[in-house]
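Here is the structure we will look at.
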Amino acid sequence: MRHAQSQNYSRALFLHESAHLDASVSDPGTLLGVLHACIESKGLDQGRELHQKIVECAYEEHPSFCSLLVQLYAKCGILEDAERCFLQVERRSLEAWNCLIGLYDYHGRGGEAIQLSQRMCQECLMWNDTTMVSVLCVCTSKHDLVLGKHVHARIGCSTAQHDIIIGTALVNMYGKIGDIDDAQIIFDNMHIRNVVSWSSIIALCTKHGRYKVALQSFETMLQEGVLPNTFTFVSIISTCASQDLSKIGKMFHGRLIGTELEKHPYMANALTNMYGKSGNLNEAESVFNTSYKKDTYSWNMILAAYAEHGKCMDAIKYFHEMMDEGTLPDSSTFVYLLSACANKLVLVDGMNMHMWVTLMGLETDIAVSNTLLNMYGKCNALDVANHLLNDMPEKDVVSWNTLISGHAHNGLGKEAFSIFQQMIQEGMLPNQVTYTCLLDAFKSQDMLAAGIYIHTCAISQLNVVITSALVNMYGKCGSFQRALKVFHGRIVQNVLLWNAMFAVCNQHERGKEALNLFAKMHKDEVIPDNFTFSNILSSCASEEAFNTGKEVHALAIEYGFVQDSVVATALVNMYGKCGSYADALGVFNLVHDRDVILWTSIINVSSENGDGKETIRLLHQMQEAGITPNHITFLSALSACSHSGLLNEGRDCFTSMQQDYSILPTADHYICMIDLLARSGSLTEAEKLMNNMPFQASYVSWTTLLGACKNENDLERGERVGKHLISLYPEKPSAYVVLSQIYTAAGREDDAEALIAQMKERTGITSEINQFQMNAIRKKKLLFLE
DNA sequence: CTAGGGTTAG
């Protein structure tokens with residue numbers, strides 16, 4: 001069924017249908033009327049039938065018919081037919097010209113659109129308002145500012161100066177390809193503005209980072225009595241999204257709840273994005289669900305919300321849901337997913353996504369390839385990353401930077417440097433990010449020379465980030481003086497540079513120097529941030545400057561960082577190092593939003609304070625607060641248990657971390673646990689754990705176990721462990737000593753004596769301690785003889 | 001005449 005929407009043409013359409021039945025109807029008036037109706041309703045099939053009829057009646061070359069046919073095909077987006085009809089006659093209506101200009105632009109053929117507009121001038125055809133607007137649109141899409149300004153000049157002397165549509169087109173032209181200030185001036189000079197003009201200026205302000213002006217414009221628009229539409233709300237919501245102004249955005253959203261606007265796909269997507277960015281995942285999901293039409297973009301927004309907030313698995317779940325619903329992922333989908341996999345270091349899921357990328361034929365997309373490179377790099381699959389880069393048909397500077405950064409993250413400075421050299425060889429120009437990534441890869445003395453070389457390469461384009469990377473690099477590569485020199489030679493004042501220098505001072509145990517610089521920073525009127533305080537507080541800790549620490553604490557309160565978890569963590573650690581658990585706990589208790597790092601710090605401080613029961617209490621409190629402990633948290637807890645001999649609590653921790661949190665114990669966890677078991681006399685369990693753990697038992701754990709055997713007078717195990725330890729480390733004396741003590745205690749003085757002799761022979765040690773040991777054995781021997 | 005985002009860096 002084909003119906004004209006406009007009632008004006010319904011009679012013509014009715015006539016057309018009669019005509020279809022009766023081939024004899026062919027009067028031009030009726031046919032023109034029907035053609036108008038087809039244009040209005042974009043009725044292509046009907047239009048084609050009519051075109052046939054017009055040809056049969058030989059009206060085809062009549063200017064009116066021809067112009068209308070151009071309009072019909074233009075409206076339906078059929079460029080070839082519109083073009084053919086246009087070329088068929090000499091004289092066309094102005095609308096036909098305008099339509100074809102617009103159509104060329106729509107098909108990305110702006111050059112032909114401009115040629116057409118110039119032909120109009122040659123043929124002495126006056127442009128009307130629509131022509132002006134069409135040409136302005138072409139200028140915008142072709143980024144032709146020169147022509148745009150010419151058109152602007154032409155408008156300036158025409159009568160159309162104050163037209164809303166032309167004005168808005170000009171605002172958009174300047175806003176998108178020219179100076180936003182020009183756009184704003186034209187907008188301000190418009191006598192009348194409608195919702196389209198307002199929506200345009202708001203969107204443009206956001207695009208140029210003028211968020212405040214965007215928000216103010218929205219208010220002014222309301223004051224002037226113009227009602228916002230979806231375009232306006234979409235723009236204002238995305239302003240809020242990009243500026244993390246979700247509180248204001250929520251207010252705007254409030255006005256939309258329950259209206260049709262809220263369910264509009266563009267609106268729902270913008271809202272999902274805003275809530276997603278601010279981490280309000282529940283709200284994001286609820287808006288996502290209200291949308292009445294979900295496209296790839298919508299799924300990308302909800303998936304990105306989870307991906308960007310560390311919920312990689314949820315993001316992957318949405319990916320599968322999306323495909324189950326028949327929505328195809330695009331390159332952005334994979335960029336979000338792969339970047340989540342990279343951040344979470346989940347190589348297996350990342351590789352699975354790689355498979356999907358290949359299945360979807362998106363492996364040639366450079367953004368996707370770069371994210372793949374990043375994923376493999378971050379997950380330490382550097383061979384794969386290297387192969388991937390070599391196989392990429394198109395590489396940009398981001399590809400190289402990503403690969404360098406991947407090596408940097410895995411501590412491979414030499415490799416990063418050779419990738420840089422390869423990059424230069426292939427003619428790729430490095431940028432500031434390249435230098436930052438590279439400098440970040442140099443972390444030890446042996447990379448100092450490479451660091452100095454990169455310093456000379458980057459010298460002409462130093463920015464804040466590179467400069468602080470240089471300070472950091474020199475610090476890590478052991479040259480405090482060079483770090484200081486770069487810092488003093490800084491061209492711009494920036495808190496990041498100060499923070500980098502403070503960190504270097506701390507690495508080099510120059511806490512006093514950091515404190516002096518901190519005073520200088522105050523004089524230079526550079527505002528410290530939370531990281532400044534974090535650094536300075538650790539300077540206090542390393543200098544054991546308890547009173548200075550208290551002063552810095554007071555200053556941090558003055559700057560309003562009481563609730564800041566970074567500062568609070570530093571304070572907890574500082575008080576911990578200074579031995580004041582009470583002060584540390586006081587700071588901790590004041591913070592409302594405690595993250596895993598702050599919790600882990602207080603747990604660690606309490607553990608070092610020696611009260612194991614308190615540590616376990618804190619751990620349980622943390623779990624009740626819904627914060628997930630990590631492997632470091634458990635290490636502190638286990639260490640506390642070990643020091644306080646809390647065997648059951650320690651066993652619980654060790655089980656819970658694996659069963660409840662899927663954390664694989666590291667060698668350190670095993671050492672703590674073995675230590676705890678050994679000290680508590682559970683030697684069988686300790687030995688079993690040591691033999692079953694997925695690591696080579698360290699010298700320390702064997703020694704601990706041997707020591708425990710001595711304490712428990714466990715001769716059989718002691719002999720086994722001691723001999724094993726000696727076979728592993730024949731050059732280390734302590735196993736000989738401890739085992740000999742065990743032999744002595746068991747009355748096997750001869751074996752003890754032989755062992756010490758063996759030790760002397762193998763290690764060449766004849767220290768006083770060993771002499772003392774020999775004497776002890778002899779004494780015991782004598783006692784026994786008596 | 002107007003609207004929705006992503007990879008690398010501190």
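In the text below, chain A, chain B and the rest are named by the order of the sequence lines, each starting its count at 1.
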Practice task
Assess A:K476 against A:F442: is NZ or CZ under 6.0 Å from the centre of the six-membered ring, and within 45 degrees of the ring's axis?
Solution key: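 Cation-pi check for A:K476 and A:F442: fails.
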Practice task
For A:A270, report the nucleic acid contact type (base, sugar-phosphate, nothing); a contact means any heavy atom under 4.0 Å.
Solution key: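 If one applies the 4.0 Å heavy-atom cut-off, A:A270 turns out to touch nothing in the nucleic acid.
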Exercise for the section: Using a heavy-atom cut-off of under 4.0 Å over every strand shown, decide if A:D295 touches base, sugar-phosphate, or nothing. Expected result: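 A:D295: base contact, heavy atoms under 4.0 Å.
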Nearest-Å distance, [atom1] ([X]) to [atom2] ([N])?
X	N	atom1	atom2	answer
A:N374	B:dA9	CG	C1'	11 Å
A:L403	B:dA9	CG	P	12 Å
A:D163	B:dC1	CG	P	12 Å
A:D396	B:dT8	CG	C1'	9 Å

Problem - Check: A:S200 side chain, B:dT2 base, donor-acceptor under 3.5 Å - result: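 No, no donor-acceptor pair under 3.5 Å.
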Exercise for the section: Scan for salt bridge (Lys or Arg N to Asp or Glu O under 4.0 Å) pairs involving residues 395-413 of chain A, sequence neighbours excluded, and state none if there are none. Expected result: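 Residue pairs passing salt bridge (Lys or Arg N to Asp or Glu O under 4.0 Å), neighbours aside: A:K395-A:E426.
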Handout entry: Flag, side chain of A:T168 to backbone of A:I164, donor-acceptor distance under 3.5 Å
Key =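 Yes; judged by distance alone, with no hydrogens or angles, the pair exists.
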Name every donor-acceptor pair, under 3.5 Å, that has one atom in a side chain of residues 231-240 of chain A and the other anywhere in the protein, sequence neighbours excluded.
{"unit_1": "A:T232", "atom_1": "OG1", "unit_2": "A:S199", "atom_2": "OG", "d": "2.9"}
{"unit_1": "A:T232", "atom_1": "OG1", "unit_2": "A:N229", "atom_2": "N", "d": "2.9"}
{"unit_1": "A:T232", "atom_1": "OG1", "unit_2": "A:N229", "atom_2": "O", "d": "3.3"}
{"unit_1": "A:T232", "atom_1": "OG1", "unit_2": "A:N229", "atom_2": "OD1", "d": "2.8"}
{"unit_1": "A:S235", "atom_1": "OG", "unit_2": "A:F231", "atom_2": "O", "d": "3.1"}
{"unit_1": "A:S238", "atom_1": "OG", "unit_2": "A:V234", "atom_2": "O", "d": "2.9"}
{"unit_1": "A:S238", "atom_1": "OG", "unit_2": "A:S235", "atom_2": "O", "d": "3.0"}
{"unit_1": "A:T239", "atom_1": "OG1", "unit_2": "A:T206", "atom_2": "OG1", "d": "2.6"}
{"unit_1": "A:T239", "atom_1": "OG1", "unit_2": "A:S235", "atom_2": "O", "d": "2.9"}

Problem - Out of B:dC1, B:dA3, B:dG10, whichever nucleotide has its closest atom nearest the side chain of A:I165 - result: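 The answer is B:dC1.
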Practice task
Ignoring backbone atoms, test whether A:T168 places a side-chain nitrogen or oxygen under 4.0 Å from the OP1 or OP2 oxygen of B:dT2.
Solution key: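 For A:T168, the contact criterion (side-chain N or O under 4.0 Å from OP1 or OP2 of B:dT2) is not met.
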